[in-house]
Trainee: 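Quick one: this structure, given as structure tokens, is what I'll be asking you about.
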Amino acid sequence: MKHQKLELRQWALSDSKELMRLCNVIDRRFLSDRLPNPYTEKDAKEWLKMVSKNEASTGIYRAILCEGALVGSISVERKGNEAEIGYMLLNEYANKGIATEAVKQICPIAFKILSLERITANVFQPNIASIRVLQKNGFRHESTMQNAVIKDGIKYDLLVYGLTINNI
Ligand SMILES: CC(C)(COP(=O)(O)OP(=O)(O)OC[C@H]1O[C@@H](n2cnc3c(N)ncnc32)[C@H](O)[C@@H]1OP(=O)(O)O)[C@@H](O)C(=O)NCCC(=O)NCCS
């Protein structure tokens, strides 16, 4: 990242209001419907409790801070034998390289702490910014699941990207 200081920090239970604000303004066009909408403070508290229980055992969960402000969220979560990366950032901070840097920082931590062999990313086909973030971090396009998602009545292909421990 060129000009601003980026930091990943662990979530605290006291982040519920900020997390709620983030999740209610985020661009959801290419996010799965698992994220409640609207996102209530109860949703935030439940998620933060799950995070404090699972941190470093089944997942690595971080708030993205830019010059001290909470601007996004990034995680790598184990799902059975798979581990999936997910991230989101406030619109006004987009295109500054922040997500690229956040992915760069979290992957080595996740590989090490969760003892992973690979990290998977599933991206809606039109989410060019996210694809660039993955490419810039060495993720490779492995397959395309055609018509895998229907969101707001629109059908999307889902692109599967992977980063193996040998490629970091
Ligand atoms: C996707 C998202 C994480 C990107 O974060 P970001 O900090 O803006 O990403 P970066 O600035 O690190 O990199 C974005 C890259 O995409 C490029 N880009 C952005 N929009 C683009 C577009 N419409 N067409 C082509 N390239 C585009 C940028 O130029 C940059 O690439 P470059 O460095 O080669 O120039 C952010 O927009 C976001 O949170 N979106 C909403 C939630 C989401 O979709 N999450 C991902 C789910 S898989």
Side-chain angles (χ1 to χ4, degrees), residues 1-2 4 6 8 11 19 22-39 43-44 47 50-51 54-55 58-66 70-168:
M1 194 179 39
K2 290 151 203 130
Q4 286 154 311
L6 178 119
L8 300 187
W11 290 97
L19 176 62
L22 177 74
C23 292
N24 279 321
V25 296
I26 217 76
D27 177 358
R28 290 164 172 269
R29 278 173 307 155
F30 308 132
L31 290 180
S32 103
D33 283 333
R34 276 174 304 180
L35 190 71
N37 188 10
Y39 195 92
D43 294 321
W47 188 80
M50 180 284 293
V51 164
N54 294 339
E55 170 65 34
T58 56
I60 303 292
Y61 305 87
R62 295 290 182 271
I64 304 174
L65 303 190
C66 186
L70 200 159
V71 301
S73 171
I74 185 163
S75 62
V76 177
E77 274 186 298
R78 248 188 201 291
K79 292 179 179 157
N81 290 329
E82 278 286 321
E84 193 177 323
I85 191 166
Y87 39 80
M88 57 184 177
L89 190 76
L90 290 174
N91 254 343
E92 56 265 42
Y93 286 84
N95 285 318
K96 296 174 189 291
I98 293 177
T100 300
E101 177 63 25
V103 170
K104 187 177 169 199
Q105 288 190 21
I106 204 169
C107 286
I109 300 171
F111 273 115
K112 185 165 178 224
I113 303 216
L114 303 179
S115 302
L116 303 174
E117 290 299 322
R118 61 170 279 124
I119 296 175
T120 301
N122 296 315
V123 192
F124 288 28
Q125 182 267 328
N127 198 350
I128 312 279
S130 185
I131 290 167
R132 282 297 299 142
V133 167
L134 295 168
Q135 288 171 337
K136 288 188 281 175
N137 277 289
F139 281 75
R140 292 183 186 160
H141 180 219
E142 295 179 338
S143 62
T144 298
M145 294 195 276
Q146 294 189 339
N147 292 348
V149 192
I150 300 179
K151 168 130 187 181
D152 300 330
I154 303 170
K155 259 187 255 174
Y156 294 100
D157 292 351
L158 204 58
L159 309 186
V160 179
Y161 277 79
L163 180 69
T164 63
I165 192 148
N166 310 319
N167 288 333
I168 57 164

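Numbers here simply count residues along the sequence, with the first being 1.
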Trainee: Report yes if some heavy atom in the side chain of C66 is under 4.5 Å from a heavy atom in the side chain of I98; otherwise report no.
Mentor: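 Yes; the side chains approach each other to less than 4.5 Å.
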Trainee: So which atom in Y61 and which in T58 form the shortest heavy-atom distance, rounded to 0.1 Å?
Mentor: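 Between these two residues, the closest heavy atoms are OH-OG1, 4.4 Å.
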Trainee: Hey, are the side chains of I26 and L35 touching, using non-hydrogen atoms and a 4.5 Å cut-off?
Mentor: yes
Trainee: Who are the side-chain hydrogen bond (donor to acceptor under 3.5 Å, both in side chains) partners of Y87, not counting sequence neighbours?
Mentor: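 Y87 satisfies side-chain hydrogen bond (donor to acceptor under 3.5 Å, both in side chains) with S130 only.
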Trainee: Give a yes or no on whether the backbone of F139 and the side-chain of N137 come within a donor-acceptor separation of less than 3.5 Å.
Mentor: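 It does not hold such a pair.
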Trainee: How close do V76 and A83 get, heavy atom to heavy atom, and via which atoms?
Mentor: CG1-CB, 4.1 Å
Trainee: Would you indicate whether the side-chain heavy atoms of N122 and S32 approach each other to under 4.5 Å?
Mentor: no
Trainee: Any salt bridge between R118 and E142, counting N to O under 4.0 Å?
Mentor: yes
Trainee: Kindly indicate whether the side chain of R28, heavy atoms from C-beta on, has any atom under 4.5 Å from the side chain of N37.
Mentor: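 SC-SC contact between R28 and N37 confirmed.
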Trainee: Please answer whether the main-chain N or O of Y39 pairs with a side-chain N or O of N24 as donor and acceptor at a distance below 3.5 Å.
Mentor: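 Yes, the answer is positive, given that a donor and an acceptor are paired below the 3.5 Å cut-off.
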Trainee: Quick one: closest heavy-atom pair of L70 and L65, and the distance?
Mentor: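 In this case the closest contact between L70 and L65 is CA-CD2, 3.6 Å.
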Trainee: Can you find a pair of side-chain heavy atoms, one from F30 and one from K151, that are under 4.5 Å apart?
Mentor: no
Trainee: Any heavy-atom pair between the side chains of Y156 and N127 that's under 4.5 Å?
Mentor: no
Trainee: Taking the inter-plane angle between the rings of W47 and W11 on a 0 to 90° scale, is it parallel (under 30°), tilted (30 to 60°) or perpendicular (over 60°)?
Mentor: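 Perpendicular: the ring planes of W47 and W11 meet at over 60°.
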Trainee: For I64 versus A102, what's the shortest heavy-atom pair and its separation?
Mentor: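 Shortest heavy-atom contact: CD1-CB, 3.9 Å.
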Trainee: Is any side-chain heavy atom of I60 less than 4.5 Å from a side-chain heavy atom of S75?
Mentor: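 No, too far: nothing below the 4.5 Å cut-off.
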Trainee: Any side-chain heavy atom of L158 within less than 4.5 Å of one from Q125?
Mentor: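 Result no, sub-4.5 Å side-chain heavy-atom pair not found.
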Trainee: Determine the minimum heavy-atom distance between S143 and H141, stating which atoms define it.
Mentor: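 Of all heavy-atom pairs spanning S143 and H141, the closest is O-NE2, 3.1 Å.
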Trainee: Set out, in order, the CA-CA distance, both residues' side-chain angles and the distance that settles side-chain contact (heavy atoms from CB on, under 4.5 Å) for F111 and E117, then state yes or no.
Mentor: CA-CA 7 Å; F111 273 115; E117 290 299 322; 6.0 Å; no
Trainee: Report, one line per pair, each donor and acceptor closer than 3.5 Å where one atom sits in a side chain of residues 161-168; sequence neighbours left out.
Mentor:
| unit_1 | atom_1 | unit_2 | atom_2 | d |
| --- | --- | --- | --- | --- |
| T164 | OG1 | N167 | ND2 | 3.3 |

Trainee: Below 4.0 angstrom, N of the basic side chain to O of the carboxylate: do E55 and R62 qualify?
Mentor: yes
Trainee: Is it the case that T120 and E82 place a side-chain donor and acceptor less than 3.5 Å from each other?
Mentor: yes
Trainee: Please check: side-chain N/O of R78 versus main-chain N/O of E84, any donor-acceptor pairing under 3.5 Å?
Mentor: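 A pair under 3.5 Å: no.
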Trainee: Would you find a donor on one side and an acceptor on the other, under 3.5 Å apart, between the side chain of K155 and the backbone of V149?
Mentor: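 Side chain of K155 to backbone of V149: no pair is present.
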Trainee: Nearest heavy-atom pair of I85 and C107: which atoms, and what distance?
Mentor: CD1-SG, 4.1 Å
